[in-house]
Amino acid sequence: QVQLVESGGGLVQPGGSLRLSCAASGFNFDDYTMAWFRQFPEHEREGVAAIDPDGNIIYAESVKGRFTISKDNAKNTLYLQMNSLKPEDTAMYYCAADAEDIPTIEPMYNYWGQGTQVTVSS
């Protein structure tokens with residue numbers, strides 16, 4: 001049974017940093033493309049970053065240079081380091097996984113976590 005459990009969200013001031021984690025289980029983590037998405041109230045989910053099994057990475061333009069996606073295969077954990085956070089980054093952040101070997105930030109993933117809330121506010 002595939003499980004994705006996000007953690008690390010919270011309240012942070014503008015300009016601050018957070019690191020999100022996604023603990024994965026129930027599938028061969030090494031062989032899956034992993035991604036982060038976010039959803040603003042009353043909007044569809046938008047892709048933030050994705051990493052494929054070969055380490056190829058793609059970012060949304062809005063987060064390039066501020067966010068870094070990474071994974072630890074030994075720990076079956078995906079990360080999203082978020083720096084220079086802005087109020088417009090406030091959203092629910094979701095981890096996603098798919099067996100397709102192509103990094104994409106289109107919401108075409110088979111497996112999703114429950115999300116972790118990130119709020120950027122002074």
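For the single chain, residues carry numbers from 1 onward in sequence order. What you are looking at is a predicted structure, and each value in this text was computed from that prediction instead of being measured.
- In this structure, the separation between CE on Met82 and CZ on Arg38 is 9.0 Å, given to the nearest 0.5 Å.
- Looking only at side-chain heavy atoms (C-beta outward), Leu4 and Leu78 stay at 4.5 Å or farther from each other.
- Ion pairing between a basic and an acidic side chain is recognised when a charged N comes within 4.0 Å of a carboxylate O; Asp89 and Arg66 show such pairing.
- Smallest separation of non-hydrogen atoms from Thr33 and Pro53: OG1-CD, 3.5 Å.
- Of the possible polar contacts, one joining the Asp98 side chain to the Asn110 backbone as a donor-acceptor pair under 3.5 Å is found.
- Around CD of Glu44, the count of heavy atoms belonging to other residues, nucleotides or ligands within 6.0 Å does not exceed 12.
- Under 3.5 Å, the side chains of Ser17 and Asn83 contain a donor-acceptor pair of N or O atoms.
- Heavy atoms from other residues, nucleotides or ligands lying under 6.0 Å from CD of Gln114 number 12 at most.
- Panel note: side chain Glu6, backbone Cys95; a donor-acceptor pair is recorded below 3.5 Å.
- Within the 4.5 Å cutoff, side-chain heavy atoms of Leu18 are placed close to those of Val118.
- Nearest heavy atom pair, residue Glu46 against residue Ser62, reads OE2-OG, 4.3 Å.
- Sorted pairs that involve residues 61-104 and meet ring-ring contact (aromatic ring centres under 6.0 Å, His included), not counting sequence neighbours, are lacking altogether.
- Note that CD1 of Ile105 and CD1 of Ile69 are 10.0 Å apart. Values are rounded to the nearest 0.5 Å.
- Distance alone, capped at 3.5 Å, is enough to place a donor-acceptor pair between the Asp52 side chain and the Asp54 backbone.
- The distance from the NE2 atom of His43 to the CE atom of Met92 is 15.5 Å, given to the nearest 0.5 Å.
- Between the CZ atom of Arg19 and the OG atom of Ser7 there is a distance of 9.0 Å, given to the nearest 0.5 Å.
- Formation of a donor-acceptor pair under 3.5 Å by the Tyr109 side chain with backbone atoms of Thr104 is found in this model.
- Thr77 contributes no side-chain N or O that, together with a main-chain N or O of Asp72, makes up a donor-acceptor pair within less than 3.5 Å.
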Under the criterion side-chain contact (heavy atoms from CB on, under 4.5 Å), I'd like the reasoning laid out for Leu80 against Val48: C-alpha separation, chi angles, the key distance, then a yes or no. CA-CA 9 Å; Leu80 184 69; Val48 174; 4.1 Å; yes
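- Contact between Ala35 and Ala50 at its shortest, heavy atoms only, is CB-CB, 3.8 Å.
- No continuous path of ILVMFWY side-chain contacts below 4.5 Å connects Phe29 to Trp112, so the two sit in separate hydrophobic clusters.
- In the displayed structure, Gln81 atom CD is contacted under 6.0 Å by more than 12 heavy atoms of other residues, nucleotides or ligands.
- At a threshold of 4.5 Å between side-chain heavy atoms, the hydrophobic network of Ile, Leu, Val, Met, Phe, Trp and Tyr places Tyr32 and Val2 in one connected group.
- Hydrophobic clustering of Ile, Leu, Val, Met, Phe, Trp and Tyr side chains at less than 4.5 Å, counting indirect connections, unites Ile57 with Leu20.
- Counting only heavy atoms from C-beta outward, the side chains of Phe37 and Pro107 approach each other to under 4.5 Å.
- Both Met34 and Tyr111 are part of a single hydrophobic cluster, where members link through side-chain heavy atoms under 4.5 Å apart.
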What verdict does the side-chain contact (heavy atoms from CB on, under 4.5 Å) test give for Leu11 and Ser121, after you've listed the backbone C-alpha separation in whole Å, the side-chain angles of each residue and the deciding distance to 0.1 Å? CA-CA 7 Å; Leu11 173 64; Ser121 175; 4.2 Å; yes
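- To the nearest 0.5 Å, atoms CD1 (Ile58) and CD (Glu106) are separated by 8.5 Å.
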